[in-house]
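Notes for the one structure printed next.
Note on naming: letters A, B, ... go to the chains in the order of the sequence lines (proteins, then strands), and numbering restarts at 1 for each one. Only heavy atoms go into these numbers, but all of them, side chains included; no hydrogens, no water, no symmetry mates.
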Amino acid sequence: MGKQLDKTYDPAAIEGRLYQKWLDNKYFHAKVDKSKKPFSIVMPPPNITGKLHMGHALDNTMQDILVRFKRMQGYETLWVPGTDHASISTEVKVTNALKEKGIDKHEIGREEFLKHVWAWKKEYGGMITSQLKKIGSSCDWDRERFTMDEGCSKAVRQVFVNLYNKGLIYQGNRIINWCPVCHTSLSDAEVEYEEQEGHFWYINYPIVGEEGRYVMIATTRPETLLGDTALAVNPDDERYRDLVGKMVHLPLTDRDIPIIADSYVDREFGTGVVKITPAHDPNDFEVGRRHNLEQINILNDDATMNDLCGKYAGMDRYAAREAMVEDLKKQGLLVKVETIRHNVGVHDRCHTTVEPMVKKQWFVKMNDLIRPAADAVRNGEIRLIPDSMKSTYFNWTDNIRDWCISRQLWWGHRIPAYTCDECGALTVSAEPLTKCPKCGSTHITQDPDTLDTWFSSALWPFSTLGWPDKTPELEYFYPTSVLVTGYDIIFFWVIRMIFSGYENMGQAPFKSVLFHGLVRDSKGRKMSKSLGNGIDPLEVIDKYGADALRASLISNTTPGNDMRFYYSRVEACRNFANKVWNASRFVMMNDPDNAVKAGDKRPVHFTDADKWILSRTNRIVREVTDNLENFDLGIAYDKLAGFIRDVFCDWYIEMVKPRLYQTNDAQDRRTALWTTKNVLITLLKLLHPFMPFITEEIFCTVQDAEESIMISSWPLYDETLSFPQEEEDVGRVMEAVRGIRNARTQMNVAPSRKAKVYVVSENPAVRQAFEKSGQFFATLAFASEVAVQADKTGIDDSAVSVVIRDGEIDMPFADLVDIRLEIERLKKEEARLTGEVMRSQKMLSNEKFLAKAPAAKVEEEKSKQKNYQDMLAATKQRLADLQK
RNA sequence: GGGCGUAUAGCUCAGCCGGGAGAGCGUCUGGGUCACAACCAGAAGGUCGUGGGUUCGAGCCCCGCUGCGCCCACCA
């Protein structure tokens, strides 16, 4: 006796055991094997701050599907897992955690703080990756990496040095986005804009030397007035032309500032006069540079007013705003206040309103670096899926700005730049420096800043493979095959990996990028903690199994589009898994001793049904393979699942039942079993990338073997298994069976009441099909007996016409249905068929079509037309008969 | 303001190279059936957002309009 399967599929009972088995056998482990072709993926490293959410589940399911598919195809597959130190989110998180314990980050100092972060990393850093195992990810855990491990850090330092030496990294005073709470600069990408209510304060600036004359400006941030170094008007603005070059007195201060002309000013907006605050506004900064204006920084790092602010010094920016407005009012310089809604930049992590400030920062010069990255996508060297992502990509590469890479954080890669305390020399070094190379002094200070977290992730595809060392892995697996990631980090990450790949490796980091969308809740909202609408993938797995979750994330989806998460969809997939389970159980029950094996020699005498299912399966092999090669995961799954359910289970298993239950023809029974088993095994293999657990369990149980489906070979299209004639014949029989089933439902004849069924047709091909393939017809049509005949026994004779004899009474098909309904139906049918014939006629008489369409298409259309004509004639005849 | 996407059944979405409108869920009808009630058989339900154009032929290609979503910019 072979092993048995339980009656319903219980994922919880097998998933853990199977994953352990795969681990124990080292199936996920990749080696450098030059006799095989490599296929490699690096996992987008999840942040160490988080736990598994639906986005990760989707991302990793897609990767796992590709990896498992390629592994079965015989590639040496490597999937590198890992995590990201996520400098700013982690720092915020740990800072808050410490705060709750009453510990202040600044009090304990940098070194002590970092100890806490490392401890935190140790505790939570591996959480996600261990959770990823639950969904079946077949990553090479021996090669798990962390963006701040020794190897990645070395790569970071090396890249920094290389870029610096090429002059592509520079330090500069630039206006940057400053987060007053996190005390760090932010890249543009880290700033979000929120619409908030604000005010427009209209303020009069007195003109120097012209008593009683004022220039009115409008501002949303009156406190920045203290940093004003000019007013600006448009050079073409008639209203203010005479003012250009004059001075105004800056209220609340003892300074006078000039009025300048700059085309940046929009005449239509506000009063047409802009106060210029170069130190606290990016546009003003640019204007200031053009006009050589002084930059006056009026803020401390925590957004309180600094010592330059006189009586306002020490006040918070908002408190100062109120106080200053009050003072302006007293002096009669405040003209009016308007309430407006405007966009305010906030830090995407902590939602603090950012403050533009001038700071010395490190930048990467982008102009030259971006070019190969843009070209690679433009000339197809790197393929973006879906295609439409190209536009988004170019939108960014065409408008590239230098990348501010320094962050005033503690957690992250410290910038490898050192300043000599004695001679002041700046040295950049990949190895820790202990003395100044210029003067030999040992008093040197490393730059306190750390690098933008994306600086290290940008190197991920090669730093994980050992770069800057020339490892065999790097040589063999780079460039990686495909990157699977969400479209939301195309700018943060994808582009930066691409230019980093070209810059440091001279090659693209991957050949294709497969984008997916966001997983939203059932109402289409983003899943978020604040809304509390997130769904924990682990809960779904506990309840429905990993396979069902995976399938539900893949089914009916398309690359790059957002999707909604529905429990009903998971349930449908769970039910499908159970279906597969039971189909397999059926096979096992009919061969408890496993006497017929899938690999056995092919039988000689196939029935039409066998040839039909083998041929159809053969086709699905090709289609699913093609879809997977083309990254159409959703289409591949839907097609395959549909085939398994609707074709294999619903039709073939029903057809084959009599042959398995009646044991009088041992030879035929064996053939039936062989076919069923082979088809089942093939389908299981195709399904394995999508549903790894259940397919593994069945694969082993059905064959009573330990060998894993994971390392079995992917099915190939087999020319000798193509039976177009039988596909057509059996297709006809199925058509007829459907007709009968339909009729019976309409007639209210219970399937349990077996009937004698006559198949009547003048069409020899149809008769032949039924004679040849009719053995399973009776079962499918719930008939006790089937007769095939040419002459009409008093009724119609279309291609699918049938007569059902039920019990004592002869009940011709047509008579059983309400005649009026039937006439209506036939009229509709007639109209449809007439249309089809005309359409077909038009096509076939069209010279362009005949000339341009492929020959197969024309042939197909011809046979279609013939079919339609026959059916139309039959329908007309039947209508005429009935209407009598 | 600039860019991108999207509009298909009651709901959520597929629909490849332009040639017969699809799936899942839901609804309705029938069925204790010997793999599966987490089931089976059947049915109903669509002007493919709208107006034009190209084509023998458009859900698909082109143009206009409308609705929705996202990204970038950030007018002080």
Applying side chain to side chain contact (heavy atoms under 4.5 Å, CB included), can you list everything that pairs with A:Gln295, at least two apart in sequence or on another chain?
A:Pro278, A:Ala279, A:Phe285, A:Val358
Counting side-chain heavy atoms from CB outward, which of B:G3, B:A76, B:G24 is closest to A:Arg645?
B:G24
Checking contacts here: which listed nucleotide (B:U12, B:G3, B:C40) is nearest the side-chain heavy atoms of A:Lys579?
B:C40
Pick base, sugar-phosphate or nothing for A:Ala572, based on heavy-atom distances below 4.0 Å to the nucleic acid.
sugar-phosphate
Extract all donor-acceptor atom pairs below 3.5 Å that involve side chains of residues 643-656 of chain A and protein atoms in other chains or at least two apart in sequence.
{"unit_1": "A:Tyr652", "atom_1": "OH", "unit_2": "A:Asp610", "atom_2": "OD1", "d": "2.5"}
{"unit_1": "A:Glu654", "atom_1": "OE1", "unit_2": "A:Lys657", "atom_2": "NZ", "d": "3.2"}
{"unit_1": "A:Glu654", "atom_1": "OE2", "unit_2": "A:Lys657", "atom_2": "NZ", "d": "3.1"}

Look at A:Lys7 and B:C36 and indicate whether a side-chain polar atom (N or O) is within less than 4.0 Å of OP1 or OP2.
yes
Does A:Glu223 come within less than 4.0 Å of A:Arg317, counting only side-chain N to carboxylate O?
no
Which ones in residues 542-563 of chain A lie close to RNA chain B, meaning a heavy atom under 4.0 Å from one of its atoms?
A:Asn556, A:Thr558, A:Asn561
A:Arg520 side-chain proximity, nearest of B:A76, B:C70, B:U12:
B:C70
Which stems does RNA chain B form, counting runs of 3 or more consecutive Watson-Crick or G-U wobble pairs with both distances under 3.5 Å?
B:1-7 with B:66-72, B:10-13 with B:22-25, B:27-31 with B:39-43, B:49-53 with B:61-65
Selection from B:A37, B:C25, B:C4 that lies nearest to any side-chain heavy atom of A:Ser568:
B:C25
Can you pull out every ring pair (Phe, Tyr, Trp, His ring centres under 6.0 Å) where at least one residue sits in residues 556-591 of chain A? Sequence neighbours excluded, please.
A:Tyr9-A:Trp581, A:Phe565-A:Tyr567
Using O4'-C1'-N9-C4 for purines and O4'-C1'-N1-C2 for pyrimidines, with syn meaning within 90° of 0, is B:C17 syn or anti?
syn
For A:Lys336, is there an ion pair with A:Glu338 - N to carboxylate O distance below 4.0 angstrom?
yes
Under the rule for ring-ring contact (aromatic ring centres under 6.0 Å, His included), what residues qualify as partners of A:Tyr487, not counting sequence neighbours?
none
